[in-house]
K.L.:
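Below you'll find the structure I mean.
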Amino acid sequence: MADETIFDKVSDLTDLELAVLLCLVSREHCLISTSPGDANDLISELQLIATNTFGLHYFAAALLLPKHQNVATPRSISPYQTRTSSAGASESYFVANPASHHRPGGISPLTSISAPSSQIANCVLARNLDLAPQAVQIQALELLRTRRIFTRTSVQAAPKQFIFIPVLEATSGGAARVTKHLNDFFFIAHWHDPDDGYVNLEEKEDEDGSDTASTSSVLRRANFASAPSQEALITEGDISHLAKLSQQVEVDIEVIRYQMNIVSFLRMHRAVADGISPTATKHFGQLMRCLAPLHHTDFVTPALVGLAVRKVYLHRIRITSPEKERSMHWGSKLDAVQALLEGIGPEEVIEDVLEMVTAPL
């Protein structure tokens, strides 16, 4: 009966909510992107998902949750400093004190209030992380890798339920990525089409009795911690149960062969540069198993493999330049290779490989 209740809840979730749920179940992190100009609405939607659907504290512009907002933020001794520039590169992406965002001289982007009462938020939304200095992204990687952050006087550990979500603007899901090593650390990527709407945000507007967009009022709270105001739809117990079920999922040898064939074809695809990383292959197998319980099954089907590959490799595949395409070493003409690669992105590569690899019956 408990299982049926969870499955009923899962069946009502949106694609965005499912992406967050998969990461919470696997204790991983995801990269979410949308078209340029729509990031504000997407962040507002994710804030409501964090609080209403999963009961998480979120931060959209900071990392630590201070109990006292007036605690001073100390100057960091980190060697990584973001300098003020006309391009706005000095804006802090993770500092809890909003007033320090344009502080002369800058502060360490991942350094925040060091009071013992501080704690890391359950959900961190990092808007336009791809535009941050590389030092910021490297520190973000260290946080995700160790689940700890070093302040000036203390060490803060991430909570058990912790998800880090860069929210990027790009022309397509395959074009949204951060610096190389951080990019490979993200479990999955999800592209949100604005035409799909913002279910939670629209429901909130209906509850408020407003016919106009309330994005600006929601975003005014983005710099401050938000705690869930009602019981979450998906509880921590539900997430733990789904994680346990995913560990019990069976994978037939034919399905494993299908998975490995997909990986091999991706590595050998003539449009792919830099190959496919072992981390991606590990996440591929992990996501296949996490998807099974959400589809009310205890084994992985070929359809779930196809769904997993679209999420795991969307942000990882890099398209080679025509000059470096491998057939150029065998005498291919540059014009012909340019014509071949024109309009090809990660999405097209994935679909091409799925068409070439025969799925088991």
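All values below come from the heavy atoms of this structure, side chains included, with hydrogens, waters and symmetry mates left out. We number each residue from 1, following the sequence as shown.
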K.L.:
How about CE on M268, more than 12 heavy atoms from neighbouring residues, nucleotides or ligands closer than 6.0 Å, or not?
P.N.:
no
K.L.:
Side-chain contact test, heavy atoms from C-beta onward, threshold under 4.5 Å: evaluate it for K160 versus N122 and give yes or no.
P.N.:
no
K.L.:
About how many Å separate CD1 of I49 and CG of L233, when rounded to the nearest 0.5 Å?
P.N.:
11.0 Å
K.L.:
So, taking the atom named CD1 in I350 and the one named CZ in F265, what distance separates them when rounded to the nearest 0.5 Å?
P.N.:
15.5 Å
K.L.:
Are the side chain of K311 and the backbone N or O of H190 linked by a donor-acceptor pair below 3.5 Å?
P.N.:
no
K.L.:
Determine, step by step, whether V272 and T320 satisfy the side chain to side chain contact (heavy atoms under 4.5 Å, CB included) criterion, reporting the C-alpha distance in whole Å, the side-chain angles of both residues, the deciding distance to 0.1 Å, and the verdict.
P.N.:
CA-CA 6 Å; V272 174; T320 188; over 6 Å; no
K.L.:
Considering all heavy atoms of both residues, which atom of P293 and which atom of V249 are nearest to each other, and what is their separation?
P.N.:
CD-CG2, 4.0 Å
K.L.:
Is the closest basic N to carboxylate O distance between R310 and E347 below 4.0 Å?
P.N.:
no
K.L.:
So, taking the atom named CE in M288 and the one named OG1 in T301, what distance separates them when rounded to the nearest 0.5 Å?
P.N.:
9.5 Å
K.L.:
For C123 and A50, which heavy atoms make the closest approach, and how far apart are they?
P.N.:
SG-CB, 4.2 Å
K.L.:
Looking only at heavy atoms, what is the nearest atom pair of L304 and F299, with distance?
P.N.:
CD1-O, 4.2 Å
K.L.:
If we only count heavy atoms from C-beta on, is the V20 to L24 side-chain gap below 4.5 Å?
P.N.:
yes
K.L.:
Does D12 form a side chain to side chain contact (heavy atoms under 4.5 Å, CB included) with D8? I'd like the steps, not just the answer.
P.N.:
CA-CA 7 Å; D12 293 332; D8 289 342; 5.6 Å; no
K.L.:
Just so I know, are the side chains of Q248 and D298 near enough to count as touching, which here means a heavy-atom distance under 4.5 Å?
P.N.:
no
K.L.:
Among side-chain atoms of T235 and D238, is any donor-acceptor pair under 3.5 angstrom?
P.N.:
yes
K.L.:
Under a 4.5 Å side-chain heavy-atom rule over Ile, Leu, Val, Met, Phe, Trp and Tyr, are I188 and L18 clustered together?
P.N.:
yes
K.L.:
Looking at every heavy atom in both A39 and R127, which two are closest together, and how far apart are they?
P.N.:
CB-NE, 3.9 Å
K.L.:
Please check if the distance between the ring centroids of F162 and H29 is under 6.0 Å.
P.N.:
yes
K.L.:
If you apply the rule side-chain hydrogen bond (donor to acceptor under 3.5 Å, both in side chains), what do you find for D38 with S35, and how did you get there?
P.N.:
CA-CA 6 Å; D38 293 300; S35 57; 2.5 Å; yes
K.L.:
Can you check side chain to side chain contact (heavy atoms under 4.5 Å, CB included) on V124 and I165, steps first, answer last?
P.N.:
CA-CA 6 Å; V124 178; I165 306 176; over 6 Å; no
K.L.:
How close do Y258 and T358 get, heavy atom to heavy atom, and via which atoms?
P.N.:
CD1-O, 3.6 Å
K.L.:
If only atom types and distance count, is the side chain of T34 paired as donor or acceptor with the main-chain N or O of H192 below 3.5 Å?
P.N.:
yes
K.L.:
Does G237 offer a backbone N or O that forms a donor-acceptor pair with the side chain of S240 under 3.5 Å?
P.N.:
no
K.L.:
Taking the side chain from S332 and the backbone from S327, do they hold a donor-acceptor pair closer than 3.5 Å?
P.N.:
yes
K.L.:
Could you give me the CA-CA distance, side-chain angles and deciding distance for F186 and H283, then say whether ring-ring contact (aromatic ring centres under 6.0 Å, His included) is met?
P.N.:
CA-CA 9 Å; F186 287 110; H283 286 167; 9.6 Å; no
K.L.:
Under a 3.5 Å distance rule, please check whether Q137 uses its side chain to pair with a backbone N or O of A132 as donor and acceptor.
P.N.:
yes
K.L.:
Begin from the C-alpha positions of L31 and V167 and carry the test side chain to side chain contact (heavy atoms under 4.5 Å, CB included) through to its verdict.
P.N.:
CA-CA 7 Å; L31 187 153; V167 180; over 6 Å; no
K.L.:
Whether the D41 and S44 side chains hold a donor-acceptor pair (N or O, under 3.5 Å, no angle test) is what I'd like checked.
P.N.:
no
K.L.:
Do NZ/NE/NH1/NH2 and the carboxylate oxygens of K204 and E207 come within less than 4.0 Å?
P.N.:
no
K.L.:
In Å, rounded to the nearest 0.5 Å, how long is the span from CG of L144 to CD of Q139?
P.N.:
12.0 Å
K.L.:
Side chain of N183, backbone of V178: donor and acceptor closer than 3.5 Å?
P.N.:
yes
K.L.:
If you count heavy atoms of other groups shown closer than 6.0 angstrom to CD of E342, is the number above 12?
P.N.:
no
K.L.:
Is it true that the side chains of E17 and T53 contain a donor and an acceptor less than 3.5 Å apart?
P.N.:
yes
K.L.:
Main chain of D184, side chain of R316: is a donor-acceptor contact present, judged purely on distance under 3.5 Å?
P.N.:
yes
K.L.:
May I ask you to test the I317-L266 pair for a side-chain heavy-atom distance under 4.5 Å?
P.N.:
yes
K.L.:
Tell me whether E351 at atom CD has more than 12 heavy atoms from other residues, nucleotides or ligands lying less than 6.0 Å away.
P.N.:
yes
K.L.:
Return the minimal non-hydrogen interatomic distance between P302 and P360, and the atom names on each side.
P.N.:
CG-O, 3.6 Å
K.L.:
Is the closest basic N to carboxylate O distance between R177 and D130 below 4.0 Å?
P.N.:
no
K.L.:
To the nearest 0.5 Å, how far apart are CD in Q134 and NE2 in H181?
P.N.:
8.5 Å
K.L.:
Mind checking the NE2-CD spacing from H57 to Q161? Nearest 0.5 Å is all I need.
P.N.:
10.5 Å
K.L.:
Check whether any side-chain heavy atom of L242 sits under 4.5 Å from a side-chain heavy atom of I234, and report yes or no.
P.N.:
no
K.L.:
Ignoring hydrogens and angles, state whether a donor on the side chain of D352 or H269 is under 3.5 Å from an acceptor on the partner side chain.
P.N.:
yes
K.L.:
Determine whether a donor-acceptor pair (N or O, by modelled atom type, separation under 3.5 Å) exists between the side chain of E28 and the backbone of C23.
P.N.:
no
K.L.:
Do R147 and E142 have side chains that approach each other closer than 4.5 Å (heavy atoms only, starting at C-beta)?
P.N.:
no
K.L.:
Would you confirm whether T51, through its side chain, and Q47, through its main-chain N or O, come within 3.5 Å as a donor-acceptor pair?
P.N.:
yes
K.L.:
A quick test of your reading: do over 12 heavy atoms of other residues, nucleotides or ligands sit less than 6.0 Å from CZ of R326?
P.N.:
yes
K.L.:
Answer yes or no: is there a donor N or O on one side and an acceptor on the other, between the side chain of E348 and the main chain of G345, under 3.5 Å?
P.N.:
yes
K.L.:
Any heavy-atom pair between the side chains of R267 and T281 that's under 4.5 Å?
P.N.:
yes
